[in-house]
Amino acid sequence: MALSALVAGGAVAAGGGGHKGKPANPGIEGKVNALLGKMTTDEKLEQLQLEADWQINDSEAAKGVGGVFSLTDPQKINHFQHVAVEQSRLHIPILFAFDTIHGFRTIFPIPLGEASSFDPDVATADDTYAARETAATGLKQIYSPMVDISHEPRWGRISEGAGEDPYLGSVIAAARVQAAQGSDYSAMDKVVTSPKHFAAYGQPEGGREYNTTDMSVQRLWNLYLPPFKAAVDAGADTAMCSFNAINGVAGCGNPETETEILKKQWGMDGFIESDYTAVNELINHGVAADGADAARVALNAGTDMEMVSTNYVDSGKQLLADHLVSMKRIDDAVRRILRVKFRAGLFDQPYVDWQAADSKQLLPDAVAAARKAAGRSMVLLKNNGGTLPLDPTKSVAVIGPLGDNQHDMLGPWWGTGRDQDAVTVFDGIKAQDPNTTFTPGCEILDKDPPDPPNDECGSDAGFPAAVAAAQAAQQVVLALGETRGESGEAESRSDIDLPGKQQELIDMIKATGKPFVVVLFNGRPLTLTKVDAAAPAILEAWFGGVQAGNAVADVLFGAVNPGGKLPVTFPRSVGQVPIYYNHEPTGRPCDPTFKWNSRYRDIPTCAPLYPFGFGLSYTTFAISNLTLSSQTMPSHGSVTATVDVKNTGTRSGDEVVQLYIHDPVATISQPVRRLRGFQRVTLAPGETKTVTFTLDRSDVGFYDNSGKFVVEPGAIDVYAGDSSEATLKQSFTVTP
Ligand code: NOJ
């Protein structure tokens, strides 16, 4: 489905090239130009500087620094804003920014979890409350949404994005931008967004953080750019260029992605900030000789603001004198920054009511939304023999290192969230079933190097107590996974099994014969082959945020029927990586029974452990009757697909109906499946709904290896179902 049909207000332009662009506001443009006309070169260069919380001080503020990030004390923000506005010659306010990724104080589930909801309203709720709390603190820009598509579970930052699919990623990106910015981000509860990391940062070689990326043109356009385009079309006025290089060109020194695509083709008239010292790192990338040269490369590529390193302010004048950077380019960068500051309302309302900031945090409506979001984000991976839902009249033993843990529930970008804000699994379950005990079994510690990395559940000394607790209870909840510090930035893992001795703990609990469920907290797909073999029930809970424990209890006892689906493929073993549903075909498609095929000789199947789009429910659904409105579609027309979904079980529940397409004959190989529509519906027992999807050129077309969007005549296969393995099929023909 064209994104415009999905996103409220239709603000998102249909895919397939072209840009919506924003009409220039003559009032603001006049003010920007008038101000620019008064600025000295030094003042212009100061606007291009973005300082960290540890760099800002009164003299920096008085010089007229452009932006400050990571400062979260509203009194200090207000103070530096007063200095900037009152003491700098031209009274230009500072733009304060923060990484509000999945909540500011009210921490929501990690973005990978929220993508599992297949419900843009979950992302909308997160960003609505996050913007309110962020803006109340005096921060007017968020380094969010993180929209990097990734096929790399080894990469810790897969937790921050929406997974492996560009369509789902685009829907979520647009929802986040619209929620955080509203129609006017000068509003007291809104902020300007900065989609990141531009571009293709989600595909570092080997899954190793910051590593280089070799990227075909068609993949860049078909897989990695669409969520950025959706974010820009939804109104995102800033963007962050990435640390990594694609095809030898570093993200913050890339004129093609920054200037040609983002600014010219897509019409983004706000600014691009670098990632942290990424301008200076152009030297390490081997594309700049020294700091001045790095400033030259980054400025000329289109990076407007330099984060932390200071090469623009240090060398800008010399670069101008040597004609290595033009005043036209400096003016363009300053203009973009001032434009965003005017749009953010900073010139009219630079100050924050810092004494009121606290009263806007962690309010009951935000906390309730976080609980709902966490429940909707969970994915039921296995439920043999009706292990779940648990019976609240029977005793429960909560066992495991994450069972009474507040710290890790907040996930890898906890903003200003505090451990004490979080509800643990034990507390959540006890609130619904007082006959509950907790036994850790082993410890899991959130430590950074050089502390030993293998400090998660490293000892089995607590296992006998865990076994005794299981034996004493009627049902067991095993709370396992990773520390929050094990995913996120700079947390790549070469082994994505459950860390430490947690598998042994599962095996010991299994031996007790008690019914048990493994509840997982993690920021990436794990290799769960052994867990799947041992456990009768598995619930993927991700890192659920402040209400994680209550939401887990809601799902385990059945108050919430799980309806999430995986936004990313779960491999059987790390050797299968990269494995993703929307891969191109090969000349010898995978067949594990025959040698001369694309397969692994030591894996008896071609399938992942759990495919993209997969997730179970406590009820059952039947999806049937896929019908197309026409057998043909003119290349500028559309075709409607309808499909029925029926709740065939005895409980009310949610199903995500998914629509995929495949172009079987094209000038370049097309992915075996591409998600082009989804809808999460709630159905009472016995109820049937008909879900409608409209397909047009933005769905059937693709970008070729010159970056051109093409719609080719010929057959399109359409699949509908409850995961990427959907089997209902119909076809139509695209005519010229
Ligand atoms: C580095 C990270 O890559 C980026 O996502 C973040 O916004 C900046 N640091 C600022 O905290």
Side-chain angles (χ1 to χ4, degrees), residues 49-56 65-72 77 94-104 110-112 127 130 134 137 139-150 152 155-162 173 176-177 180 191-204 207-213 224 227-228 231 236-246 250-253 271-282 284-285 298 303-310 411-417 448 484-485 487-492 523:
Q49 183 65 44
L50 174 51
E51 295 191 344
D53 50 345
W54 53 268
Q55 291 175 302
I56 184 69
V65 68
V68 171
F69 72 101
S70 282
L71 194 65
T72 56
I77 288 173
I94 296 171
L95 179 64
F96 290 93
F98 190 64
D99 288 284
T100 301
I101 310 292
H102 51 108
F104 181 73
I110 58 169
L112 192 61
D127 273 77
T134 305
T137 307
L139 299 150
K140 280 304 266 184
Q141 185 193 18
I142 57 173
Y143 296 147
S144 178
M146 193 286 215
V147 299
D148 294 319
I149 297 301
S150 184
E152 261 305 345
W155 187 53
R157 303 198 81 169
I158 200 168
S159 58
E160 297 173 37
R176 288 193 188 283
V177 169
V191 291
V192 62
T193 57
S194 189
K196 65 186 186 186
H197 307 80
F198 202 62
Y201 179 56
Q203 212 50 49
R208 187 162 50 81
E209 182 70 298
Y210 312 128
N211 202 5
T212 197
T213 304
Y224 299 94
F228 285 99
D237 256 359
T238 68
M240 184 184 293
C241 55
S242 59
F243 285 130
N244 68 317
I246 49 175
C252 294
F271 67 86
I272 301 175
E273 73 272 347
S274 81
D275 205 337
Y276 203 108
T277 61
V279 172
N280 213 48
E281 290 169 24
L282 295 175
N284 289 346
H285 274 290
T303 306
D304 302 297
M305 218 182 203
E306 179 177 9
M307 187 190 286
V308 177
S309 53
T310 58
W413 274 114
W414 58 92
T416 61
D448 281 342
R484 75 181 190 191
S487 51
E489 187 177 347
E491 293 295 343
S492 296

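All values below come from the heavy atoms of this structure, side chains included, with hydrogens, waters and symmetry mates left out. When a ligand or atom number is given, it counts from 1 through the structure's own listing order.
We find the CD-CG distance between Gln141 and Leu95 to be 5.0 Å, quoted to the nearest 0.5 Å. Taking CD of Glu152 as the reference point, atom OH of Tyr201 lies at 13.0 Å (rounded to 0.5 Å). Rounded to the nearest 0.5 angstrom, Trp413 CH2 and Arg157 CZ are separated by 6.0 Å. We find the CD1-CD1 distance between Ile149 and Ile158 to be 9.5 Å, quoted to the nearest 0.5 Å.
Under the 4.0 angstrom criterion for non-hydrogen atoms, Glu160 is not in contact with ligand 1. Residue contact check for ligand 1: Arg157 places a non-hydrogen atom closer than 4.0 Å to it.
The atoms of ligand 1 that sit less than 4.0 Å from any heavy atom of Met240 are 4 (C), 7 (O). Taking a cut-off of under 4.0 Å to the non-hydrogen atoms of Asp275, the atoms of ligand 1 that pass are 1 (C), 2 (C), 3 (O), 4 (C), 6 (C), 8 (C), 9 (N). Counting the atoms of ligand 1 from 1 in the order shown, those under 4.0 Å from a heavy atom of Tyr143 are 7 (O).
The nearest protein atom to atom 6 (C) of ligand 1, hydrogens excluded, is given as Asp99 OD1, 3.2 Å; this is a heavy-atom distance. At the shortest separation from atom 5 (O) of ligand 1 among protein heavy atoms lies His197 NE2, 2.6 Å.
Here's the thing with Tyr201: none of its N/O atoms is less than 3.5 angstrom from an N/O atom of ligand 1. Taking any N or O of Lys196, backbone or side chain, at least one lies under 3.5 Å from an N or O belonging to ligand 1.
Of the heavy atoms in Met146, none comes closer than 4.0 Å to ligand 1.
Screening Ile56, Thr134, Leu139 against Phe96 for a side-chain contact (heavy atoms from CB on, under 4.5 Å) leaves a single residue, Leu139.
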Practice item. With side-chain hydrogen bond (donor to acceptor under 3.5 Å, both in side chains) as the test, would you mind laying out the steps for Ser150 and Asp148 before giving the verdict? Key: CA-CA 6 Å; Ser150 184; Asp148 294 319; over 6 Å; no

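A heavy-atom distance below 4.5 Å is not found between the side chains of Ser159 and Glu491.
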